[in-house]
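Below is one structure, written out as structure tokens; comments come after it.
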Amino acid sequence: MDTLPEGFLNDLETQGWAYCDALICDSLRAQLLDIARLFWKRGLFHAAHIGHLATKKADPVIRGDQICWLDAHMPQTAIQDFLAFAAHLQNTLNATYFLGLRRQEFHFAHYEPGFGYKKHLDQHRNNPHRKISVVLYLNENWTADDGGELCLYGPENTPIEHAARLIPAPGRLVVFRSDLVWHEVLPGHKPRWSLTGWLRDDFLLSNG
């Protein structure tokens, strides 16, 4: 695996989030998109939930994506290649910042036009094990006119409305602190595909 760009790591350390458009090659992005579309056709996606454990529920007004969880034993080469990259990212963050990350969880996500995800934190209040959020955009093409931006917000009670507003460009990889960075997915004008997940510091096998 190639060394992660120093600026990428510095941004994550200093502002709590970072992105790069050159970490995932376009052929891998295209293969992952093909797999996601195949799983979609097979009916393997389901409505995403908000909340945790007993409070879990589907509410498309708040969160409108459909998701399909990845399994470490899935045989597709592209999935294994991405998980190897995620392990490399995890090991690099552990070696650099001593985060104690122990495992990953990822799912494909699909938003139909007009659906988004309201402002939220990824780390649940009573479950602090999600440490780093990771989003890889799989779309073939995307412009600012297509909407669907990821809004990353600054600390609460700051005058900054949002720290960044990123379009889901093909192959763009975004990482951010799951416990600190509030974020929102704005509705798009066409279907939006991503591979989304978390680097965690626990050994639990259940999702969430």
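Counting heavy atoms from C-beta on, the side chains of Leu23 and Pro5 come closer than 4.5 Å. Counting heavy atoms from C-beta outward, Leu12 and Leu93 have side chains that approach closer than 4.5 Å. Counting heavy atoms from C-beta on, the side chains of Asp34 and Arg29 never come closer than 4.5 Å. You'll find the side chain of Leu186 reaches within 4.5 Å of the side chain of Cys151, heavy atoms only. A heavy-atom distance below 4.5 Å is not found between the side chains of His189 and Pro113. Side-chain atoms of Arg200 and Leu101, non-hydrogen and from C-beta on, never get closer than 4.5 Å to each other.
Of the possible polar contacts, none joining the Asn91 side chain to the His88 backbone as a donor-acceptor pair under 3.5 Å is found. Using modelled atom types, no side-chain atom of Glu184 and backbone atom of Gly116 make a donor-acceptor pair closer than 3.5 Å. Between the Asp179 side chain and the Pro128 main chain, no donor and acceptor come within less than 3.5 Å of each other. Arg172 contributes a side-chain N or O that, together with a main-chain N or O of Ile167, makes up a donor-acceptor pair within less than 3.5 Å. A donor-acceptor pair is defined here as one N or O able to donate and one able to accept, closer than 3.5 Å; no such pair exists between the side chain of Asp11 and the backbone of Trp17. Formation of a donor-acceptor pair under 3.5 Å by the Arg130 side chain with backbone atoms of Asp122 is found in this model.
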Taking it one step at a time, do Phe39 and Gln76 satisfy side-chain contact (heavy atoms from CB on, under 4.5 Å)? CA-CA 12 Å; Phe39 287 179; Gln76 292 85 355; 3.6 Å; yes
Take Val134 and Thr196, measure what side-chain contact (heavy atoms from CB on, under 4.5 Å) needs, and give me the verdict at the end. CA-CA 6 Å; Val134 181; Thr196 300; over 6 Å; no
Stepwise, does the side-chain contact (heavy atoms from CB on, under 4.5 Å) test hold for Leu150 with Tyr19? CA-CA 11 Å; Leu150 173 67; Tyr19 77 94; over 6 Å; no
Under the side-chain contact (heavy atoms from CB on, under 4.5 Å) rule, what do Lys131 and Asp201 come out as? Steps first, then yes or no, please. CA-CA 7 Å; Lys131 298 299 183 182; Asp201 68 354; 3.0 Å; yes
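Nearest heavy-atom pair across Ser178 and Trp198 is OG-CD1, 3.7 Å. Contact record, Val135 with Ser194: CG1-CB, 4.2 Å, taken as the closest heavy-atom pair. The two residues Leu28 and Ala78 come nearest to each other via the heavy atoms CD1-O, 3.5 Å. Summarising the geometry of Leu83 relative to Asp71, their closest heavy-atom pair is CD1-O, 4.4 Å, with the distance given to 0.1 Å. Counting all heavy atoms, side chain and backbone alike, Trp142 lies closest to Gly147 at NE1-O, 2.6 Å. Contact detail for Lys118 and His120: the closest heavy-atom pair is O-ND1, 2.7 Å.
Seen from the ring of Tyr111, Arg192 counts as a face-on cation partner, given the 6.0 Å and 45° thresholds.
In this structure, Thr92 OG1 and Leu4 CG are separated by 4.5 Å, a value rounded to the nearest 0.5 Å. How far CZ of Arg177 is from CD of Gln15: 12.5 Å, rounded to the nearest 0.5 Å. In this structure, CD in Glu13 is found 13.0 Å from CZ in Phe8, a value given to the nearest 0.5 Å. Gln66 contributes atom CD, which lies 8.5 Å from atom CZ of Phe45 (distance to the nearest 0.5 angstrom). The CZ atom of Arg103 lies 10.5 Å from the CG atom of Leu199; values are rounded to the nearest 0.5 Å. Rounding to the nearest 0.5 Å places NE2 of His46 at 7.5 Å from SG of Cys68.
Under the side chain to side chain contact (heavy atoms under 4.5 Å, CB included) test applied with Phe108, the options Asp65, Leu138, Leu136 reduce to a single match, Leu138.
Ring geometry for Phe106 against Phe82 counts as perpendicular: the plane angle is over 60°, on a 0 to 90° scale with 30° as the lower cut. Ring orientation note: the planes of His110 and Trp40 are tilted relative to one another, at an angle of 30° to 60°.
Connection of Ile24 to Leu9 is established within a shared hydrophobic cluster, with ILVMFWY side chains joined at heavy-atom distances below 4.5 Å, either directly or through further cluster members.
Using a 4.0 Å cut-off between charged nitrogen and carboxylate oxygen, Arg37 and Glu140 count as a salt-bridge pair.
A centroid separation of 6.0 Å or more is found between the aromatic rings of Tyr153 and His183.
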